[in-house]
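To keep things clear, I will list the structure first and then write my remarks on it.
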Number of protein chains: 2
Amino acid sequence: MAKKTHRIERRTDALSRERIVAAAIEILDSGGEGALTVRALAAHLATGSGAIYWHVADKGELLAAATDEVIARVMSEVAGGTKPREAIRAVALGLFDAIDVHPWVGTQLFREPWRPAMLEIIESVGGRLQALGVPHAAQFDSASALVHYILGVAGQNAANARVHAPDTDRSAFLTSVAAQWDALDPAKYPFVRQMATQLRDHDDRAQFLAGIDLILAGIGTVRSGGADEPPDAAPISI
Amino acid sequence: MAKKTHRIERRTDALSRERIVAAAIEILDSGGEGALTVRALAAHLATGSGAIYWHVADKGELLAAATDEVIARVMSEVAGGTKPREAIRAVALGLFDAIDVHPWVGTQLFREPWRPAMLEIIESVGGRLQALGVPHAAQFDSASALVHYILGVAGQNAANARVHAPDTDRSAFLTSVAAQWDALDPAKYPFVRQMATQLRDHDDRAQFLAGIDLILAGIGTVRSGGADEPPDAAPISI
DNA sequence: ACCTGAACACCGTTCAAGT
DNA sequence: ACCTGAACACCGTTCAAGT
């Protein structure tokens, strides 16, 4: 990238909702949630702040649209996966990696459960659970468990990104948290203290996947519920 | 002027960090996150806005302190539970119910992982997993999965509370979301659409617990990993 | 030490006025 | 129709000044 490539203020294209959302994503990615102000967005698009409101209702809708956009992109990219179990893992990892690049998404995912971002995630996970042969009665709870787990990790990663400086890498951050855990009172927090070393050395992404596998294993223990069915008959192949 | 001899009368309701945090919790509970402004808090305490800053660094610390307070209260209340599995369920339900009463906590839980609120949750869950006999190597991933699942549900419940009017009850809210799901394109969202009816009729709290049980079941499938151990030997009693 | 409240530097959003 | 940017009603935070 040329060193003197300063953004040209002159606008060639007309404003549009898509251009506004794209600019918002750029600002969010480079500066975090705090950097997205209507004024900053207007300046980035070389227009007045009022112009934004011609295309977008308010800042909330803008954040939601940006989230839908990012999630839709992830979902179309991880489409593959021949086996349902691998597909679920691929979707989960795709989301994990997307939130790594766009940490603000982890916060915005907690929105109205009828927004495209959430629907795509539920559909993608739930559809594979059906393909996996999870009994109908267990599908709703199973999908809910997986999706809420993914949301929890996403939200925590977003929070972590908010806490540490943008240039700090993950391992440096983990080391500092591990140090905090290690300094705790062993009488009050024996378990947390024991985990400090593992926290420092662990792989976030691998642990996330381990959680997915744990939940899938739990789902695998669910039988169709008929009392007439032997407990070890027709195990669900995961 | 013998000011020094004059006994300084301290207001019985003198400001203190505890009183400020308590007032903040009141405002958050009754008006939601948006209602907590420094001005509103100062008015509620019949003082100036600057007085708050003598006791608390900034609004973030105030929110964190309020969260720690609520979580500490929950944790001390659900202390009981003789069996580890029941104790984990009790802790999880205690958190669920607390977030039902204080929805803003669900958002604030995503904070620095060395804050008391998060530490208490991890310690409480992790300690019971040890008592449950989960192999040491699996404890970190298992606790992480449970805690992140709890966080995900908490965050989603907080978001739901933000969306619907404070007087709307849960079932009315679920009915409206179910209607949105039902109106979706069956070609694009077949799974979500199928779940609409179950969403309308389901019990949020029971489903939350079902998720906990699912993860515990998954954890129960983990063995100590030693190849010398028969797969069906010494199953973890859950 | 503790508290007051005006002042400051922001923010999201609106709207008369322009093209 | 689309865009402009000043204006409005807020915010969190600071700080000289008071007790």
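Scope of the values below: all heavy atoms of this structure, side chains included, with no hydrogens, waters or symmetry mates. Lettering follows sequence order; numbering is per chain, from 1.
- Atom pair B:Ile20:CD1 and C:dC2:C1' shows a separation of 11 Å (rounding to whole Å applied).
- Candidate nucleotides C:dC11, D:dA6, D:dC3 were compared by shortest atom distance to the side chain of A:Thr37, and C:dC11 ranks first.
- B:Phe140 has its side chain within reach of A:Leu199: a pair of non-hydrogen atoms, C-beta onward, lies under 4.5 Å apart.
- A heavy-atom distance below 4.5 Å is found between the side chains of A:Val21 and A:Ile25.
- A stem is defined here as three or more consecutive Watson-Crick or G-U pairs, each with both distances under 3.5 Å; for DNA chain C these stems are C:4-8 with D:12-16, C:12-16 with D:4-8.
- Rounding to whole angstrom units, CZ of residue B:Arg39 and P of C:dC3 are separated by 19 Å.
- Sorted by first and then second residue, the pairs that involve residues 169-192 of chain A and meet ring pair (Phe, Tyr, Trp, His ring centres under 6.0 Å), not counting sequence neighbours, are A:His164-A:Phe173.
- Rounding to the nearest 0.5 Å gives a distance of 4.5 Å between CD1 of B:Ile71 and CD1 of B:Ile121.
- Where A:Gly50 and B:Ala51 meet DNA chain D, the nucleotide closest to each residue was compared, and A:Gly50 sits on the side nearer the 5' end.
- The aromatic rings of B:Tyr149 and B:Phe208 lie parallel to each other, their planes meeting at an angle below 30°, with 60° marking the opposite boundary.
- Heavy atoms of B:Leu41 sit nowhere under 4.0 angstrom from any nucleic acid atom.
- Between the CG atom of A:Leu129 and the CD atom of A:Gln139 there is a distance of 7.0 Å, given to the nearest 0.5 Å.
- Taking a 4.0 Å limit (strictly below) on heavy-atom distances, residues 52-61 of chain A reaches DNA chain C at A:Tyr53, A:Asp58, A:Lys59.
- Across the protein-nucleic acid pair, A:Glu33 atom CD and C:dG12 atom C1' stand 16 Å apart, rounded to whole Å.
- Ion pairing between a basic and an acidic side chain is recognised when a charged N comes within 4.0 Å of a carboxylate O; A:Glu61 and A:Arg17 show such pairing.
- Atom CZ in B:Arg19 sits roughly 13 Å away from atom C1' in C:dC3 (whole-Å rounding).
- Of the charged side-chain nitrogens involved, none lies within less than 4.0 Å of a carboxylate oxygen, so that B:Arg205 and B:Asp100 do not count as a salt-bridged pair.
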